[in-house]
S.K.: 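Provided herewith is a single structure, encoded as structure tokens, for subsequent inquiry.
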Amino acid sequence: MELERELDRELNPQQLEAVKYTEGPLIVFAGAGSGKTKVLTYRIAHLLKLGVSPFQIMAVTFTNRAATEMRERVQQLVGDGQANDVWVRTFHSMAVRILRREERYLSYDRNFLIYDSADQITVMKQCIAELRVDDRKFRPRGVLAEISSFKNELVTPKDYHGMARNVREETIADLYSLYQKKLLQHNAMDFDDLLVQTVELFRSEPLVLEHYQRRFQYIMVDEYQDTNHVQYVLVHQLAGDKRNLCVVGDDDQSIYGWRGADIRNILNFERDFPDVYVIKLEQNYRSTQCILAVANALISHNKGRKPKELWTSNDVGDPVSCYQALDEKDEARFVAAEISDLVEREEALYRDCAVFYRTHAQSRVIEEEFIRSGIPYRIYGGVRFYERKEIKDILAYLRLVANPADEVSLRRVINEPRRGIGDTTIARAEEFASSAGRSLAAVLEHPEEIPNLGNRAVNALKGFFQMINSWRKLDDAVSVAGLVERILGETGYLSALETQKTVEAETRIENLNEFLGVVQQYDSEGIGGTLVDFLEGLALVTDIDNYEPGEDAVVLMTIHGAKGMEFPMVFLTGLEEGLFPHVHSLEENEVEEERRLCYVAITRAKQKLYLSWAIRRFIYGNSEYKLPSRFFKEIPQEYLCPVVPDRFAGHGGHGDGSAVPSGGGQGDGSGVPATGSQAGHNAGHAIKESAAGEKEAAAVTAAPSQTSFQVGETVEHKKFGKGVVMETKTGPGGDMEIYVSFETAGFKHLLAKYAPIKKA
């Protein structure tokens, strides 16, 4: 009865209906901020209270962070006893658990490793070299991306060989075949293999599939809009004839098409299960009414979606702030100044603020401005802690102890730190291994058999493998932390860094100490116990899983990385055509995904949302004039408030405080967020700030062909060349003054009546 009262108290009618509908297929269209995690956790608790065994319940999601949050919430509702027996896992960790349990049916040993992207590239480079393929035409990352798409569609190397239509595709098929062969030799799988191998296991062993279908009577899938084909097949395999499948998701937040996610999985669920029960969660508990109005207006332009309209009982909130920047540096200055003002006025802490961007390349100038401004920040999605060289090296030692067949790790550390085993030694060993039909690891472990190998190299190899084998014999006699300490000491890795006495070496030592702390915590908490479990956990972690909400620092991340998160203050930068929507996404169906991505970014904001774009941006080595994103035109102007950038002079504020700026609207339909006198006034302030001291009155000359100019027009000056009009205003004598950003001459203040300037 206590849980029933809590359900009635904590859930709205639609949420409660989703929790209590337990038999048969169910789809819950959960809008952004509508409490879907709460629904899933209460649904699990409700099933347990009905008497369902925790061993019969599985909940699958996409990130470790989401799985941990769900598991902890269930524990709070029903206690650790039952909650710990419910499978709340990511797709990949669920697959790993099944594969390790059923290893007798696999070609892999139970202690198989999971290769990350760097390991995959290493293997693919070996394949390209072995097949003597031109790596300029077949770049490792590109080939791996194609192979990943094949695996997502359950296309095997044999299948693709049969499908190949030209020499290029035949080459890809050959590389795919060799790549899979090498993974098997190394007793390793990549991320895609985890799911593919599980599907193939169920297809080839019906009794194994039947066991898991009986085991999991109730299956829930979170973020169903992000599933790809192999995940779709896996879910349907497990659901079987029982069909107690509950999927939760939002087609408006499907943003991973580039990595294989298929929005049709959620849109066609009602076709797959004609008797499905459909529930929509449209009440948003996160954002203000104004932010939701902007989000609803934007996403309504997508055709391929289920109609829904988010609403909230939250406050109306501030209008969405828009800023037209001169360039990316001006944009960064605006973001930094606004965050500083929010913190100084005690409206926010640094950790309340997040800056989103479409591409990683946009972060550099923002970071530089934050450093200058003394704003603490943490960037997500850059170089991950576990991808740093020193951490990869120690992990390679650990992986080699766990899996003797791991040739990638062997190659990485066999001469790290240097121990006299150079490239010549490895080349001779490879040649001998190839002629003898043996693995490189097997040959290196018996170096006396390798022809033309000097005594020094033989002794170095023997010493290396004696060290590795001594660690393997320890088995469970030493903790993982104890093993790491022995590796750092016995290899000489730590002492080699200490002797360098450089800042870089000190940083690496600090990172190794931090890693040792991670391992010690793992041992103390008894999370898994074994070395293989520890390595598996690290292999499945994502950068966003390391997000620490308690750290008082501004969060910088791509919009893709922001999925599933929320912040009181959100700055969405770079809203320009060719950047967002991205230039590679201008096909109509791909523009819809870009629009969904923008929708996701907007709906992360709880209290304040800022949108910005730059008239000129230097990115990827080029400086380009930009047009504002088409998404601005799709948002009703009454919800937008152009920012008057006199805040740089220490004033702050948004003009007269009205939601609709004076002279706003779309004007000529160009898509400029704010046009007319107000926009010109705004841009003018920014020009005066960022180009202080650069104003230049033109010499009196013959009158040009016209004296009337519009903001955003391209013009040409006899001396300064081409530029864009940034501001127009009437001067004291009634003459038009214009501020122009020239491609080469920078920003100039001109009198239109006398300047030798004309429309380009």
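Computed over heavy atoms, backbone and side chain alike; hydrogens, waters and symmetry mates excluded.
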S.K.: What residues form a side-chain contact (heavy atoms from CB on, under 4.5 Å) with Lys626, not counting sequence neighbours?
M.R.: Glu576, Arg617, Glu624
S.K.: Salt bridge between Glu347 and Arg345, side-chain N to carboxylate O under 4.0 Å?
M.R.: yes
S.K.: Of the non-hydrogen atoms in Gln324 and Asp330, which two are nearest, and what is the gap between them?
M.R.: O-OD2, 4.5 Å
S.K.: For Phe370 and Val355, work out which heavy atoms get closest and say how close.
M.R.: CZ-CG2, 4.1 Å
S.K.: Verify whether one side chain among Ser612 and Glu331 offers a donor that lies under 3.5 Å from an acceptor in the other.
M.R.: yes
S.K.: Heavy-atom count check: over 12 atoms from other residues, nucleotides or ligands less than 6.0 Å from Arg372 CZ?
M.R.: yes
S.K.: Strictly by modelled atom types, are Gln225 and Asp250 linked by a side-chain donor-acceptor pair under 3.5 Å?
M.R.: no
S.K.: Would Arg65 and Glu69 pass as an ion pair if we require N to O under 4.0 Å?
M.R.: no
S.K.: Using only atom types and a distance under 3.5 Å, with no angle test, would you say the side chain of Thr312 pairs donor to acceptor with the backbone of Asn284?
M.R.: yes
S.K.: Taking the inter-plane angle between the rings of His560 and Tyr256 on a 0 to 90° scale, is it parallel (under 30°), tilted (30 to 60°) or perpendicular (over 60°)?
M.R.: tilted
S.K.: Any side-chain donor paired with an acceptor under 3.5 Å for Glu369 and Ser373?
M.R.: yes
S.K.: Any carboxylate oxygen within less than 4.0 angstrom of a Lys/Arg side-chain nitrogen, looking at Glu551 and Arg351?
M.R.: no
S.K.: For Trp311, check ring-ring contact (aromatic ring centres under 6.0 Å, His included) against everything at least two apart and list the hits.
M.R.: none
S.K.: Do Asp251 and Lys308 meet the salt-bridge criterion of a basic N to acidic O distance under 4.0 Å?
M.R.: yes
S.K.: With distance as the sole criterion, is a donor-acceptor pair present between the side chains of Gln637 and Tyr639 under 3.5 Å?
M.R.: no
S.K.: Going by heavy atoms in the side chains, are Phe580 and Ile559 under 4.5 Å from each other?
M.R.: yes
